[in-house]
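Let me begin by presenting the structure, written as structure tokens, before commenting on it.
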2 protein chains.
Amino acid sequence: MTERGYGQFCPVAMATEVLGARWNILIIRELLCGSSRFNELRKGVPRMSPALLSKRLGELERFGIIVREMDETSGSPTYRLTEAGEELRDIVMSMGVWGQRWLESQLSLKNLDPSLLMWDMRRNLNPSPLPDHRVTIQFLYPELSRGQKKWWLIVDKHASEPVDLCKIDPGHEVDLYVATDLKTMTAIWMGIITVADATRRGTLRLSGPHSLTTCMSAWMGLSPFAQETKQVRESV
Amino acid sequence: MTERGYGQFCPVAMATEVLGARWNILIIRELLCGSSRFNELRKGVPRMSPALLSKRLGELERFGIIVREMDETSGSPTYRLTEAGEELRDIVMSMGVWGQRWLESQLSLKNLDPSLLMWDMRRNLNPSPLPDHRVTIQFLYPELSRGQKKWWLIVDKHASEPVDLCKIDPGHEVDLYVATDLKTMTAIWMGIITVADATRRGTLRLSGPHSLTTCMSAWMGLSPFAQETKQVRESV
DNA sequence: CAGTATCCGATGCGATACTG
DNA sequence: CAGTATCGCATCGGATACTG
């Protein structure tokens, strides 16, 4: 990529100069999903170095796609999409739908990452089917390394942040245990298999009260693209 | 870009691995516009080396976005979009619309290129307002170098290819002369100014029969994004 | 016409460490 | 928490020439 531009006046080419730069679409995706602070964004693009993220944020601001503002209360910087950036929502979503429909799910299932998965689940979890009191759910991935093995989702409808994610034991009594492997959990999240499938095969085990286990597919929000039906590739 | 992937299972990330690779969106744009042969594609991405184009076509084929087939009659290879590729049309068009709405037109007008412009005009010219007989239109860009100065568009409704583009004098009598500068002509094509504007300012001069000059904005198709209204950037 | 082959330079970007 | 600073390599891709 010895120089960035395409030397074309075509608006598609102009847009591609911005949107085609590595990482940019994913940064915009994070902002569209509601992240706004630097270290929040980092969680969504963990393989990106902070230096590069900072650089890209600057570029996106110069292009008028995001603005950097100081948060009144916390005093820390905040990024949000401008109107121009917000108008990218349909494009980014369409790309996701297209990816889900046409790219091999096998490929996705090679890019497993528990942090990203749990972070996504935190974001999309739906508290409403859950009881009114605080609920603690522990996820266990036995095959993973020490630091990645255990995760806690704490749901409290009445808290300021209804869903919280921890990697260290919050100390609460656990209401529901979910034991599975990362590939299974990711496949469920992506809509490739269901909770029922995995339970039947024995790759997912739930232990806790019936009131929590039976409605798992209700409170566990899936990926926004989960319901997109997979298409079969055209064979030559 | 030390490695290509993002390491994320998210469908947006998967799609971005394919669509974000340099040039790919522009190649797809060309295919969507109807190009199908290698050297036809090259005209749409002149700054791309043939080696790289070839490589990218191979990748796109492996991803199931295009297929390479042999043309029965000519015996030469042909590329066309698969169903998966065709489903990218809305995304690519949306990117163009977004680019036209939000990116500085000044930027576009720094990426002038007469070959791309004339090639685009050839593609979008609308023969129907023109007379039934063959019409030859000569474009003259006095400021350009010898090889880029003169262009001929030959329109013949009854020919197999209704619109032809030449860089060398086809020898026909010219019906309409268009003299202008490249920036003006590009701005007209992009919908930034109109033929009438440019004529009034004297940056575009037409000489030929009234029947051809008055309906120029009718036969000269504009960019597919020309009617998108420009938006003003959010000021901080 | 439709590509390959080869070469080499620029730079994007990843890794790590550090600071206010 | 929110970034900067620095370094060095891998690789992307541009240029040119060549081939069936």
Side-chain angles (χ1 to χ4, degrees), chain A residues 1-8 13 16-27 30-31 35-62 66-80 111 113 119 161, chain B residues 1-8 13 16-27 30-31 35-62 66-80 111 113 119 161:
Chain A
M1 210 176 287
T2 178
E3 86 178 291
R4 189 97 150 247
Y6 292 101
Q8 300 195 1
T16 304
E17 287 192 23
V18 186
L19 306 179
R22 190 163 162 77
W23 295 110
N24 278 3
I25 288 283
L26 301 191
I27 296 171
E30 290 306 304
L31 290 161
S35 291
S36 62
R37 298 175 60 167
F38 193 82
N39 282 346
E40 228 172 2
L41 291 168
R42 284 190 71 177
K43 289 193 187 161
V45 284
R47 314 261 286 242
M48 196 175 186
S49 79
L52 189 52
L53 175 56
S54 172
K55 182 180 166 194
R56 285 285 192 272
L57 288 170
E59 292 171 7
L60 289 172
E61 188 175 17
R62 248 173 288 123
I66 67 178
V67 282
R68 185 191 140 120
E69 295 164 329
M70 283 301 164
D71 184 46
E72 298 284 310
T73 60
S74 70
S76 33
T78 292
Y79 301 89
R80 72 171 172 80
N111 288 326
D113 183 326
W119 183 246
E161 281 286 357
Chain B
M1 209 178 284
T2 179
E3 84 179 290
R4 188 97 150 248
Y6 293 100
Q8 301 196 0
T16 304
E17 287 192 22
V18 186
L19 305 179
R22 189 163 161 77
W23 294 111
N24 278 3
I25 289 283
L26 301 192
I27 296 171
E30 289 306 304
L31 290 161
S35 291
S36 62
R37 298 175 62 168
F38 192 83
N39 282 345
E40 228 172 1
L41 291 169
R42 284 189 70 179
K43 289 194 186 160
V45 284
R47 313 260 286 241
M48 197 177 184
S49 79
L52 189 52
L53 176 56
S54 172
K55 184 181 166 193
R56 285 285 191 271
L57 289 170
E59 292 170 7
L60 289 172
E61 188 175 17
R62 251 173 286 123
I66 66 177
V67 281
R68 185 191 140 119
E69 295 164 328
M70 283 300 163
D71 185 45
E72 298 284 309
T73 60
S74 70
S76 32
T78 292
Y79 301 90
R80 73 171 170 80
N111 288 326
D113 183 325
W119 183 246
E161 282 287 358

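Below, chain A is the first sequence line, B the second, and so on; all start at residue 1.
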Calculate the interatomic distance between [X] atom [atom1] and [N] atom [atom2]; express it in whole Å.
X        : N       : atom1 : atom2 : answer
Glu40(A) : dG3(D)  : CD    : C1'   : 16 Å
Lys55(A) : dA15(C) : NZ    : P     : 16 Å
Arg42(A) : dC1(D)  : CZ    : P     : 10 Å
Leu52(A) : dT6(D)  : CG    : C1'   : 15 Å
Lys43(A) : dA2(D)  : NZ    : P     : 11 Å
Asn24(A) : dC13(C) : CG    : P     : 9 Å
Leu57(A) : dT4(D)  : CG    : P     : 10 Å
Arg56(A) : dG14(C) : CZ    : P     : 9 Å

| Who passes salt bridge (Lys or Arg N to Asp or Glu O under 4.0 Å) against Glu40(B), sequence neighbours left out? | none

Could you please name the option among [options] that lies closest to any side-chain atom of [X]?
X        : options                 : answer
Asn39(A) : dC13(C), dC1(D), dG3(D) : dC1(D)
Ser49(B) : dA2(C), dG14(D), dA5(D) : dG14(D)
Pro50(B) : dT4(C), dG14(D), dA2(C) : dT4(C)
Tyr79(A) : dG3(D), dG3(C), dG12(C) : dG3(D)

| query | So how far is it from Gln8(A) CD to Asp113(B) CG, rounded to the nearest 0.5 Å? | reply | 7.5 Å

Between [X] and [N], is there a side-chain N or O to OP1/OP2 distance below 4.0 Å?
X        : N       : answer
Arg22(A) : dT11(D) : no
Arg47(A) : dC13(C) : no
Ser76(B) : dC1(C)  : no

| message | Can you give me the dot-bracket string for DNA chain C, 5' to 3', counting Watson-Crick and G-U wobble pairs with both distances under 3.5 Å, using [ ] for crossing pairs and | for partners on another strand? | response | ||||||||||||||||||||

| message | How close do Glu17(B) and Asn111(A) get, counting heavy atoms only, and between which atoms? | response | OE2-ND2, 4.1 Å

| field | Touch class at under 4.0 angstrom, heavy-atom based, for Arg37(B) against every strand present | value | sugar-phosphate

| said: Within the 4.0 Å heavy-atom criterion, would you say Pro77(B) contacts the bases, only the backbone, or no part of the nucleic acid? | reply: sugar-phosphate

| query | With Trp23(A), which residues qualify under ring-ring contact (aromatic ring centres under 6.0 Å, His included), at least two apart? | reply | Tyr6(B)

| message | For the residue pair Arg37(A) / Ser76(A), report whether a side-chain donor-acceptor contact shorter than 3.5 Å exists. | response | yes

| Pair Arg62(B) + Glu59(B): basic N to acidic O under 4.0 Å | no

| query | Is Ile66(A) close to Ile27(A) at the side-chain level, that is, under 4.5 Å between some pair of heavy atoms? | reply | no

